[in-house]
Number of protein chains: 2
Amino acid sequence: MGQGQPDTRSRIQGAATALFRRNGYSGTGLKRIATEADAPFGSIYHFFPGGKQQLAEETIRTSGGEYGRMVLALLESVADPVESVTHAFEAAAHDIAANDYADACPIATVALEVASTNEVLRVATADVFEEWVGAGEQWFGRWVTDPNSARSLACSMIMMLEGAFVLSRASRDPEPLRVAGRSMAELLRASLERPVGD
Amino acid sequence: MGQGQPDTRSRIQGAATALFRRNGYSGTGLKRIATEADAPFGSIYHFFPGGKQQLAEETIRTSGGEYGRMVLALLESVADPVESVTHAFEAAAHDIAANDYADACPIATVALEVASTNEVLRVATADVFEEWVGAGEQWFGRWVTDPNSARSLACSMIMMLEGAFVLSRASRDPEPLRVAGRSMAELLRASLERPVGD
DNA sequence: GTCTATATATCGATAGAC
DNA sequence: GTCTATCGATATATAGAC
């Protein structure tokens with residue numbers, strides 16, 4: 001099954017991922033997902049008997065995992081850590097302008113929507129964020145010996161990225177992502193110059 | 001009219017602000033707003049003939065302005081800038097835990113929801129963010145002489161705050177806000193020690 | 001200005017023919 | 001496993017009595 005059109009279940013997942021990412025959870029209807037996936041409406045409940053919530057939980061965990069691996073691969077593509085961080089934010093700035101400020105973080109919009117209203121989906125988003133922070137902590141740990149500093153840098157990088165996505169999408173301007181990249185590079189530089197926290 | 005219960009229009013605005021903040025734009029129905037405001041449904045269209053969009057635009061601009069002034073007042077309540085930033089994020093960490101991770105940024109959820117779907121509301125959120133960055137730029141400008149640095153610090157502080165809100169709400173943990181505060185304090189310290197960018 | 005009733009559309013979800 | 005018809009609930013929005 002490696003070559004042809006993806007199967008129905010995959011197309012539904014893909015359409016749901018794209019729509020939740022751009023329009024959020026409440027803003028995305030199952031009918032629209034079926035249409036974009038070119039699948040009959042009933043197939044959604046055939047493959048996802050838990051309905052909208054099950055579909056959303058799967059897309060959060062799947063697309064969250066993929067996005068985390070993509071960012072990590074981007075970071076690992078440059079040897080010097082400070083240059084790597086700068087390059088990653090620069091790539092994000094370029095990408096968000098190229099996709100017309102539509103496709104940024106795959107789960108942030110849903111995360112804010114469901115934080116106070118849907119415990120199952122809230123936990124799914126929290127798990128993804130924790131996965132990202134853990135991966136970033138390991139990556140920074142290659143250069144920053146203090147474990148607390150490595151985790152703080154990872155957490156800050158993800159927060160800076162999420163905040164920059166909010167401002168960039170709202171203003172239709174890649175500049176916030178560039179500012180975020182310079183700030184993160186400076187934070188990392190400071191950590192490298194001062195190995196143990198003062 | 002300074003003493004008694006707020007008038008109907010104000011109650012509708014207040015209920016809309018709280019609901020949009022917690023549950024987002026698509027997740028909030030006008031019926032629910034009328035109920036929480038203890039106002040008849042028809043009054044919404046009496047005071048906001050433009051319907052849901054007009055009501056949302058007013059709440060974005062009004063609550064966005066108030067929130068910005070609140071944060072600025074918080075920053076100005078402490079003389080030393082580094083201590084002030086630390087104190088502000090610490091206050092945010094305390095507040096978000098106290099309100100059960102429901103009330104964070106009044107416009108971020110809506111901003112992400114409407115960025116690709118509603119141009120009127122997108123512009124409203126962009127205007128508010130720009131207002132915040134401008135105010136922060138002026139505040140940082142009291143200690144950081146380079147204008148570019150002052151604006152970068154302001155933009156970074158808002159991005160860090162927004163990103164920390166996403167992670168704190170999702171994980172129901174105030175720690176991301178504390179990490180954000182320490183990182184921002186460090187960024188500011190670096191700017192103060194090195195007055196002109198390298 | 002206040003409030004109710006209703007119109008029209010769409011929501012998530014289900015049933016059942018094929 | 002595919003697809004359509006439809007359910008009941010809810011959405012935004014409007015009309016009109018009071």
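First the proteins, then the strands, lettered A, B, ... as listed; each starts at 1. Bear in mind that the values here come from a model prediction, so they are computed numbers and not experimental data.
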Mapping A/Gly51 and B/Ser43 to their closest nucleotides on DNA chain C, which lands nearer the 5' end?
-> B/Ser43
How many whole angstroms separate atom [atom1] of [X] from atom [atom2] of [N]?
X       : N      : atom1 : atom2 : answer
A/Leu19 : C/dT10 : CG    : C1'   : 16 Å
A/Lys52 : C/dA13 : NZ    : C1'   : 12 Å
A/Lys31 : C/dA13 : NZ    : C1'   : 9 Å
A/Leu30 : C/dT14 : CG    : C1'   : 13 Å
A/Gln53 : C/dC11 : CD    : C1'   : 16 Å
A/Asp38 : D/dT2  : CG    : P     : 12 Å
B/His46 : D/dC18 : NE2   : P     : 19 Å
A/Asp7  : D/dG1  : CG    : P     : 10 Å

Would you call the rings of A/Trp132 and A/Phe129 parallel, tilted or perpendicular, where under 30° means parallel and over 60° means perpendicular?
-> perpendicular
Touch class at under 4.0 angstrom, heavy-atom based, for A/Ser26 against every strand present = nothing
How would you label the contact of A/Phe48 with the nucleic acid (heavy atoms, under 4.0 Å): base, sugar-phosphate, or nothing?
-> nothing
Identify, between B/Phe41 and A/Gly42, the residue whose nearest nucleotide on DNA chain D lies closer to the 5' end.
-> A/Gly42
Counting only side-chain N and O atoms of A/Tyr45, is one of them less than 4.0 Å from OP1 or OP2 of C/dT14?
-> no
Quick one: is B/Thr8 getting a side-chain N or O under 4.0 Å of the C/dT2 phosphate, OP1 or OP2?
-> yes
Distance-only polar pair, side chains of A/Gln53 and A/Asn118, donor-acceptor under 3.5 Å | yes
Is it true that a side-chain atom of A/Arg11 and a backbone atom of A/Pro6 form a donor plus acceptor pair closer than 3.5 Å?
-> yes
Do NZ/NE/NH1/NH2 and the carboxylate oxygens of A/Arg182 and A/Glu175 come within less than 4.0 Å?
-> yes
The side chain of A/Phe47 lies closest to which of these nucleotides: D/dT12, D/dT6, D/dT2?
-> D/dT2
Would you check, one step at a time, whether the test side chain to side chain donor-acceptor pair (under 3.5 Å) holds for A/Arg169 with B/Ser116?
-> CA-CA 8 Å; A/Arg169 287 193 74 196; B/Ser116 301; 2.7 Å; yes
